[in-house]
Amino acid sequence: MNARPDSPTSPILLSQYQAPAWRVERVELEFDLAIDRTEVLSRLTLRRGDATSSLRLDGEGLELLSIALDGKALDPSAYRYADQMLEVDGAEDGSVLETRVRLDPANNTALEGLYLSGTRDTGFLLTQCEAEGFRHITYFPDRPDVLASYTVTLRADRARFPVLLAGGNPDGAGELEGGRHWARFVDPHPKPSYLFALVAGRLEKIERDYTTADSRAVTLVIWAEADAIERCHYAMDALERSMRWDEQAYGRNYDLDVFHVVATHDFNMGAMENKGLNIFNAKYLLADPDSTTDDEYRAVEAVVAHEYFHNWSGNRVTCRDWFQLSLKEGLTVFREQQFSADMNSAALKRIEDVALLRRAQFPEDAGPLAHPVRPAQYQEINNFYTATVYEKGSELVRMLAGKLGKDGFRRGMDLYFARNDGRAATLEDFLGALGEANHIDLTPYLAWYGQAGTPRIKAHGRYDANARSYTLVLKQHTAPTPGQAQKSALPIPVKLALFGQDGAMLALHLGDSEDGATERVVVLDRAEQSFVFQHVDAAPVPSLLRGFSAPAILECDYSPAELALLLRHDVDGFNRWEAGQQLAARAYDALRDNGDDVAVQAWCDALADLFERGGLDDALLADLLTPPGEIELAEREHDIDPSRIHATRQALQRRLAERLGTSELQRRYDTLAAQTNRNLDAASQAQRRLKKRVLDLWSLVDNNHALIAAAAQCAHAPTMTDRLAALSVLVRSQAPQAADALARFRQHHAGDPLAMDKWFAVQAQLPGDAVLERVQSLANDPAFTLKNPNRVNALLGSWARGNPSGFHRADGAGYRYLAERLRELDALNPQVAARLATVLNGWRRLEPVRRDAARAAIAGLAEEGTLSRNLGEIVRSMLGD
Ligand code: B3K
Ligand code: ZN
């Protein structure tokens with residue numbers, strides 16, 4: 001029932017948008033819930049839109065039990081179902097349509113609509129409706145521009161489903177005959193169907209009272225299964241911090257009397273912002289030091305904030321259509337990034353965000369699945385919850401915010417929320433409000449939303465000693481992407497500074513501006529532009545695109561010494577890291593091409609200097625000591641050979657470790673190990689991060705001692721961060737101690753699915769050809785199942801996405817194995833299958849042998865007659881059809 005057959009139907013086009021012919025004013029839903037037989041009674045109060053067409057409602061996989069219009073049962077000739085649409089004759093403005101349908105949640109493996117989480121005996125029921133899941137629950141115009149008020153009544157057996165929840169405020173509950181009970185919820189805020197949610201089952205809760213800045217008393221409740229409820233306290237704190245932050249930073253208050261959050265282990269993505277009833281993948285809600293890494297703690301905080309922030313950016317102001325998805329997602333990622341930067345280190349957060357953009361979004365933008373932040377067409381909207389819509393979308397908001405300045409952006413956001421509250425808006429509405437509030441025309445920035453591909457900026461500096469001037473020439477170019485051969489120049493804000501050879505920032509005299517600031521933004525909005533700085537006493541070193549001021553690739557003809565200068569002296573933590581990344585990439589190129597050692601030496605010397613000098617934040621130092629990852633390095637190459645990239649990167653890290661010195665690494669490790677604790681403060685997290693990095697480097701030059709230390713750390717670590725870091729070193733170096741460490745880890749964490757996911761993931765990281773056999777045998781482990789998205793991502797995702805040298809075997813066995821698993825997975829869960837398949841996105845840029853093998857595997861999938869619409873669209877797009 002789950003795999004929606006893939007018929008390459010005509011795509012849905014942004015240019016064809018039409019306002020709904022029918023709106024729904026009121027929705028009354030009554031659920032009689034049971035694991036494999038749930039009945040849904042729906043009463044829709046209809047409003048005719050402008051059009052005269054007959055009433056058409058979306059519905060998929062529903063068993064229609066009865067249908068009535070204005071109280072009268074409909075004759076079968078008065079309605080028909082075709083192409084997943086129910087068409088009903090005779091409706092008028094104000095009519096009430098009543099349908100009753102039956103669902104089978106226990107057999108819903110797609111985890112879309114109403115489904116069962118956990119086992120039949122102990123699991124609970126929940127819903128996932130975004131983007132188009134509501135049509136799997138009842139017949140409805142399932143599109144985001146139909147906003148209605150919802151009254152939801154749930155009925156179920158009290159012993160089996162003691163907790164009954166839906167979005168909105170509680171509006172009564174009581175007993176029924178036969179051990180059953182009921183509960184009703186009324187949501188006063190009109191909302192689109194994708195924000196509908198219910199949860200029913202045996203759950204425990206923690207609660208907290210919260211008073212909003214505008215004095216509303218709210219009860220915050222987090223729900224989880226009994227064995228997990230004690231791990232929800234951190235999320236509760238994060239929720240409270242998020243609510244306060246949104247009041248202070250954006251003046252946004254929560255608007256219901258209750259806010260429910262529920263954890264499930266069975267979820268297709270991270271979490272979901274349903275109005276008043278957020279549902280979370282347990283991975284982003286549960287946390288304790290024994291089973292959660294520091295990175296995961298920060299992810300929990302970020303996702304809790306993200307879903308909460310959607311209450312305004314997404315729920316109160318929603319999207320007119322799914323092409324506008326970035327209106328809520330890009331904006332909310334940006335708000336979440338600002339919040340995380342405020343709660344933690346802003347520089348580290350920026351490094352993390354840009355690294356993610358480069359690892360996930362740049363490759364997407366450079367391959368056959370490239371699409372604009374506002375796509376022009378889709379077949380399956382779930383395939384467009386991408387790094388482009390989310391992460392690049394956030395970068396676009398960041399550019400606008402930077403342009404308007406802190407107060408100007410806030411003015412613009414206030415106007416955006418005020419003007420669009422209760423509406424389904426567009427990106428034009430967003431840019432319009434930001435611009436109008438500041439008397440600036442932002443329409444040139446709309447081009448960023450419609451154009452796919454990452455712009456490349458070429459920078460070249462010329463110093464004229466006689467004129468004491470420095471000319472910076474900037475050029476931009478965006479390569480063609482599928483369906484977009486011609487690209488226009490975009491407005492690219494380039495934040496810049498100039499450094500003297502002594503490492504000091506110079507006062508800038510650009511054109512006739514005499515303010516002499518040391519940092520400023522120039523906007524490159526043509527194919528080529530020159531900027532002339534006056535009163536420059538000696539050839540400077542430019543620091544460009546500071547803070548990553550635009551989502552572009554910068555190519556500047558720096559010498560290694562210039563990059564080393566920025567790495568040593570740039571005061572902007574992000575740009576210092578960035579200089580180090582560029583220098584590392586140069587060093588990597590030199591090793592790969594057997595070039596001269598200048599860049600390698602410069603990188604190693606600068607880092608050794610920082611390592612020995614002290615005074616740097618431990619976490620920033622750890623990041624500086626890490627060269628770009630294998631995926632980022634591959635982005636710079638043609639005819640990609642992932643095993644060679646892995647070997648060269650390892651060699652580069654070995655050079656660094658040698659330069660730092662075995663005994664120095666050991667000494668630093670011992671110092672850090674002596675500080676081991678389980679605290680979550682920034683200094684303790686930073687110390688663990690550096691310890692991990694030092695252990696990694698040490699293991700490259702002193703296998704024996706480092707692995708003994710790693711085994712001891714793994715056995716005695718008081719936190720998951722330390723335990724997993726050590727386990728990962730043991731597994732990746734194929735240490736003799738690895739098997740024992742893995743067995744102990746499993747024994748310790750056997751009952752915890754999230755920790756067991758890490759057990760699978762860490763083994764999928766084994767580099768090189770050997771990992772395939774390990775992945776295959778792990779896929780046969782009784783603890784593995786294709787039915788759980790987290791487990792699938794832990795094993796197959798970590799291998800295919802996170803371990804390029806292990807996945808891209810030259811004999812193509814990795815591709816064939818993935819294709820086999822994708823076929824199986826697609827029949828169970830098309831969304832997860834389609835997302836996993838995108839790991840093959842870069843196939844065209846592989847070296848010829850791997851390219852052919854990858855193409856054969858993808859083409860083999862495409863020939864299947866039974867692919868879902870989700871996987872079918874991805875596979876066809878990857879092949880370029
Ligand atoms: N809005 C959801 C994502 C829904 C994905 C549907 N395939 C979570 C989020 O971005 O907050
Ligand atoms: Zn979101």
Side-chain angles (χ1 to χ4, degrees), residues 2 4 110-113 115 126-136 142-144 167 191-197 235 238-239 242 246 261-264 266-285 299-319 321-340 353 356 360 373 375 378-394 397 789 793 829-838 868-871 873-874:
N2 291 312
R4 283 182 289 182
L111 314 189
E112 180 186 33
Y115 66 94
L126 75 163
T127 54
Q128 170 55 35
C129 291
E130 190 177 358
E132 298 179 335
F134 196 63
R135 64 187 64 184
H136 294 259
D142 191 14
R143 44 187 284 171
K191 69 185 172 199
S193 50
Y194 80 86
L195 290 175
F196 166 82
L239 175 59
S242 310
D246 212 17
V261 181
V262 178
T264 168
D266 298 288
F267 211 58
N268 282 350
M269 58 259 168
M272 179 63 211
E273 70 264 25
N274 315 298
K275 183 78 188 188
L277 177 52
N278 283 190
I279 297 180
F280 272 64
N281 186 328
K283 181 175 165 54
Y284 294 106
L285 197 71
V300 167
E301 183 184 57
V303 178
V304 166
H306 179 107
E307 303 313 327
Y308 175 72
F309 296 157
H310 267 314
N311 191 55
W312 274 93
S313 49
N315 301 3
R316 287 287 287 256
V317 181
T318 193
C319 300
D321 53 70
W322 291 121
F323 298 103
Q324 321 294 326
L325 182 58
S326 197
L327 177 67
K328 75 177 179 81
E329 295 305 347
L331 176 55
T332 304
V333 171
F334 175 68
R335 276 151 53 69
E336 163 214 317
Q337 289 178 349
Q338 285 184 305
F339 165 78
S340 297
D353 293 339
L356 171 66
V373 171
Y378 62 79
Q379 291 196 349
E380 170 52 62
I381 186 55
N382 286 305
N383 287 335
F384 285 81
Y385 286 74
T386 58
T388 298
V389 168
Y390 275 65
E391 317 303 333
K392 185 174 179 180
S394 164
V397 177
N793 293 329
N829 189 327
Q831 283 187 32
V832 174
R835 179 160 290 249
L836 181 60
T838 63
S868 67
R869 182 164 73 205
N870 306 58
L871 184 58
E873 181 183 29
I874 294 291

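The chain is numbered in sequence order, starting from 1. For ligands, and for the atoms within them, numbers begin at 1 and follow the listed sequence.
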For the Zn ion (ligand 2): the N/O/S atom of [X] at shortest distance:
X: H306; value: NE2
X: H310; value: NE2
X: E329; value: OE1

Could you tell me which atoms of ligand 1, counted from 1 in the order shown, lie closer than 4.0 angstrom to a heavy atom of [X]?
X: Q831; value: 7 (N)
X: K328; value: 1 (N)
X: H310; value: 9 (C), 10 (O), 11 (O)
X: E273; value: 1 (N), 2 (C), 8 (C), 9 (C), 11 (O)
X: H306; value: 9 (C), 10 (O), 11 (O)

| remark: So for M269 against ligand 1, with non-hydrogen atoms under 4.0 Å, the contacting part is side chain
Contact check, side chains of [X] and [Y], non-hydrogen atoms, under 4.5 Å:
X: E112; Y: N382; result: yes
X: R335; Y: S313; result: yes
X: P789; Y: N829; result: yes

Quick one: nearest non-hydrogen protein atom to [atom], plus distance?
atom: atom 8 (C) of ligand 1; result: A271 O, 2.9 Å
atom: atom 10 (O) of ligand 1; result: Y390 OH, 2.5 Å
atom: atom 7 (N) of ligand 1; result: N382 OD1, 2.8 Å

| Short N-O contact, E273 and K328, less than 4.0 angstrom | yes
| said: We want to know whether S394 and Q337 form a side-chain donor-acceptor pair, criterion being a heavy-atom distance below 3.5 angstrom. | reply: yes
| said: If we count only N and O atoms by modelled type, under 3.5 Å, do the side chains of N311 and K275 hold a donor and an acceptor together? | reply: yes
| said: Set out, in order, the CA-CA distance, both residues' side-chain angles and the distance that settles side-chain hydrogen bond (donor to acceptor under 3.5 Å, both in side chains) for T332 and H306, then state yes or no. | reply: CA-CA 6 Å; T332 304; H306 179 107; 5.2 Å; no
| Just wondering, more than 12 heavy atoms not from F384 lying within 6.0 Å of its CZ? | yes
| task | Flag the pair F339 / F309 as yes when their ring centroid distance falls below 6.0 Å, and as no otherwise. | result | yes
| said: Assess the residue pair E130 and Y385 against the criterion (side-chain hydrogen bond (donor to acceptor under 3.5 Å, both in side chains)); give the C-alpha distance rounded to whole Å, side-chain angles, the decisive distance to 0.1 Å, and a yes or no. | reply: CA-CA 10 Å; E130 190 177 358; Y385 286 74; 2.7 Å; yes
| query | Is there at least one pair of N or O atoms, one from E329 and one from ligand 1, spaced under 3.5 Å apart? | reply | yes
| task | Pick, from E130, E307, M272, the option with the minimum heavy-atom distance to atom 11 (O) of ligand 1. | result | E307
| query | Is E307 close enough to the Zn ion (ligand 2) to have an N, O or S atom under 2.8 Å? | reply | no
